[in-house]
Number of protein chains: 2
Amino acid sequence: MLRLRELADHLGVSTATVSRALNDKPGVSAETRRKVVAAAQEMSYRPNAAARALITATTRTVVFAVHRHHFPLSVDPFYPGIMRGLEETLAAEHYGVLLLTLSDEDLRAGPGTLPVLQEGRADALVAAGPDIPPQFILAAAGRSMPVILVDNALRETAIPTVTADDPGGCRDATRHLIDIHGHRSIALLRGTPGWVSSDGRADGYCDAMKAAELEPRVVSVEDTTIATGAVALIEVLEAWPDTTAIVAVNDAMAIGAIRQAAKLSRRVPEDLAVVGFDDISWAALSDPPLTTVRVPIVQIGRRAGRVLLDHFEDVITVSSRTTLATELIVRSSCGCDESPAPVMNSSGPRRHETDHE
Amino acid sequence: MLRLRELADHLGVSTATVSRALNDKPGVSAETRRKVVAAAQEMSYRPNAAARALITATTRTVVFAVHRHHFPLSVDPFYPGIMRGLEETLAAEHYGVLLLTLSDEDLRAGPGTLPVLQEGRADALVAAGPDIPPQFILAAAGRSMPVILVDNALRETAIPTVTADDPGGCRDATRHLIDIHGHRSIALLRGTPGWVSSDGRADGYCDAMKAAELEPRVVSVEDTTIATGAVALIEVLEAWPDTTAIVAVNDAMAIGAIRQAAKLSRRVPEDLAVVGFDDISWAALSDPPLTTVRVPIVQIGRRAGRVLLDHFEDVITVSSRTTLATELIVRSSCGCDESPAPVMNSSGPRRHETDHE
DNA sequence: AAGGTGTTCGCAATCGCTTGCGCTATCTTT
DNA sequence: AAAGATAGCGCAAGCGATTGCGAACACCTT
């Protein structure tokens, strides 16, 4: 491998000059800079990352951390999609993304035991998903490593966050059932409380119901899978037999509900309208095709990347909580015969952010 | 951050001794070693990765490269699953895994333009998938960076490889249709020729057919999606209307075929038996549930990790081509009413490998 | 003509760790 | 008892980049 020294000797200048020329630092004449850049290009010189990292204390690497059981999710490549978005935008600036899958053990032991986070191998941590415990996140943030959360949020902290507009998306979906199809008896199938996405979606449902002066009907179950979706539907129909429409906090539960409805010989959407959330790839392929709320998975990752790049560029940000718009994807499981043009989330793209300096 | 120097001063020994003690190098008494290790633990000392990398010319990092459009695949988290397996086993030895998603442009330009591969930021490259062009792989391997291929292979090279037993799996699936269900008119739905997985699976199908003295019926289409599966089925039925069973090279095509069969009012499995390949999460959920061949996704990644670790441990390997066993998962789309115990791939786990030294 | 200002560039220190080599003390051998 | 072998440890030289500081030079200003 060609070293800086050799390039400098070849040009008859000092390493200092070459370094400054290549890094766009002042103190080099335009003429010299041109020559240096040309020679570097010509001889295909690449700076050694380790040497640079040693002195700049910066690695151009960020860690993407996610619960091991959720990468990928059994049913959907949600976090891989986010990671890909992150990698796309960071790679453009020559940053790399390290994957770190966390076992339950790791989460209990905290970030102190993870070499990747401890040996100065990364400049920042992107923690994905609501099941990374706050104490883990705070411990990582405490070690003066920038942390940013995706598909998660922590109240009472200044930790930057990128999420989808869960409340808005679920509000739109619920409203669609109320306004377009005239449903009055709409139940929510939700998962584990405490997860920000589930909570946000539940809030959106309740908002829409209350705005229409309807009584919310909520069933909570552990986990948000096809199996629990089926169970939740049974509970709903026992508690409120007159229910005509279902909002599920994710597509897996919605599909579970649809399958359970078939077993109970309730036709979807004639007897029971169903809408989901996420727009996983199989939503379009279920029978009937599932009306759902698309979350901009890759864009979440991209935006997280942008936030980080701003941070590295010394754009000092006091607080940064980004919410990305969702999109209602209308298919036939809600009773719409043919798909009209997609309806944008009424709240539109939003970014709550306070930039300073 | 605590430096080696400070630890050494604290103990009243030299940095050399501390370094040797911590790295299990000879030249330190058991007693001193004990003390050093204890103090390091106590003061939670972590070596600086950059400094170490600079002198050892080794980074404890490997790159996982995959085509950007395939991470994740639209329908299935195949490569994320492999990456997770890779990360799991490498993390145990304190190695990190960098994700690199390659655009078509990157693939054309070659590895020379990618900072992550050029700046000495990684010790090895794991290239995933059949659509990374040979020239790209060879160029990367040429730069004295170890390369290993997963879900791909290159003839006439010594590049280590980890793949699933595609021929074996497809042979088993085909045999199942012949031996258990007595089918004689079995067609193969296959995708783009040249992709090792597709080719291997097609070979396995042909082998089984020839062994039973049956005429192969093969339809090739571009791409292996639900849509092309449907198209391929139409072609099959036009060419051979008496076909009673279908082998598809992946589950997406199989599901496409099942859906198309429904449109043509052929019942599955009564009029047409269908088997797929991959066992994606939705195979069990399709209607009818899909008989398919499970490929050990995460294990492929794990094995790739092991091969790399061996390499880093200076286990010199002349050639290494690992084939992992698949498993036939019998569900009702092939005509089996209830699922018997899963049938192991008859070829069993195999590893063609020549270790030297 | 002397001094001031500004630009361009090189010297050398530094980042935190590893490791070859040499020194000392202890142990074994003849 | 002298000489050689061995083990344990420290000194100091790197690894390949970045960067503060001063030197050299050109160009103005008084």
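Here is how names work: the chains are called A, B, and so on, in the same order as the sequence lines, proteins then strands, and each is numbered from 1. When reading the values below, keep in mind they use all heavy atoms of this one structure, side chains included, and skip hydrogens, waters and symmetry mates.
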Provide, to the nearest angstrom, the distance between the [atom1] atom belonging to [X] and the [atom2] atom belonging to [N].
X: B/Asp24; N: D/dG8; atom1: CG; atom2: P; result: 14 Å
X: B/Glu31; N: C/dA25; atom1: CD; atom2: P; result: 20 Å
X: A/Leu11; N: C/dT8; atom1: CG; atom2: P; result: 17 Å

query: Salt bridge between A/Arg84 and A/Glu87, side-chain N to carboxylate O under 4.0 Å?
result: no
_Quick test of your reading of the model: are B/Glu105 and B/Arg108 salt-bridged, counting only N-O distances below 4.0 Å?_
no
Those residues at least two apart in sequence (or on a different chain) that pass salt bridge (Lys or Arg N to Asp or Glu O under 4.0 Å) with B/Arg46 are none
Rounded to the nearest 0.5 angstrom, the CG-OG1 distance for A/Leu149 and A/Thr163 is 9.5 Å
With B/His67 as partner, the option from B/Thr101, B/Asp104, B/Asp131 fulfilling side chain to side chain donor-acceptor pair (under 3.5 Å) is B/Asp104
For nucleotides 16-26 of chain D, 5' to 3', base contacts (B), sugar-phosphate-only contacts (S) and non-contacts (-) with protein non-hydrogen atoms under 4.0 Å give BBBBB------
*According to the interplanar angle, ranging from 0 to 90°, do the rings of A/Phe71 and B/Phe71 count as parallel (below 30°), tilted (30 to 60°) or perpendicular (above 60°)?*
tilted
message: Please confirm whether the shortest side-chain N or O distance from A/Thr32 to OP1 or OP2 of C/dT8 is below 4.0 Å.
response: no
